[in-house]
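Each remark here refers to the structure printed beneath this line.
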Amino acid sequence: MLILICYDVATVESAGRRRLRRVARALQDYGQRVQNSVFECRVGKTQWTILQDRLLNEINKDEDSLRFYFLDGDVNIKHFGIKKPTNLEEPLIF
């Protein structure tokens, strides 16, 4: 499966900078960096399960954001952490 993975890790404290490095290292093991915080990964189901668990164990869901865009077939998006995505199917008036 082809997955676009984007992340935003709070780096104010040293623990955040450590999380940022660990998330990037995990993604480098499975894909290629296409922008600073964006990776394209082509993985099988087993690899995907391992990678997702690894990433979710690295981030702090109260400070960081992690998004998965599944690009095979119907586009499917999963989000974890802060900065909840806007539902583009609803009106965008705030």
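- The main-chain N or O of Ile5 is never found under 3.5 Å from a side-chain atom of Arg67 such that the two would form a donor-acceptor pair.
- Between Cys41 and Gly31 the shortest heavy-atom distance is SG-CA, 3.8 Å.
- The shortest side-chain heavy-atom distance between Leu51 and Leu27 falls under the 4.5 Å cut-off.
- Nearest approach of Asp72 to Met1, heavy atoms of both residues: OD2-CA, 2.7 Å.
- Checking side-chain atoms of Arg17 against main-chain N and O of Thr11 turns up a donor-acceptor pair under 3.5 Å.
- To the nearest 0.5 Å, the span separating CZ on Arg42 from CD1 on Ile3 amounts to 10.0 Å.
- Contact annotation: the side chain of Asp8 never approaches that of Ser37 to less than 4.5 Å [non-hydrogen atoms, C-beta and beyond].
- Separation of atoms CZ (Arg21) and CD (Gln28) is listed at 12.5 Å; rounding is to 0.5 Å.
- Atom CG of Leu4 is separated from atom CZ of Phe68 by 11.0 Å, given to the nearest 0.5 angstrom.
- Taking CG of Leu66 as the start and CG of Leu55 as the end, the distance is 5.5 Å to the nearest 0.5 Å.
- Of the inter-residue distances, the one linking Arg19 atom CZ with Glu58 atom CD reads 9.5 Å to the nearest 0.5 angstrom.
- For the pair Tyr7 and Phe39, the minimum side-chain heavy-atom distance is below 4.5 Å.
- For Arg33 (side chain) and Asn36 (main-chain N/O), a donor-acceptor pair under 3.5 Å exists by modelled atom type.
- The side-chain heavy atoms of Arg54 and Asp29, taken from C-beta on, include a pair separated by under 4.5 Å.
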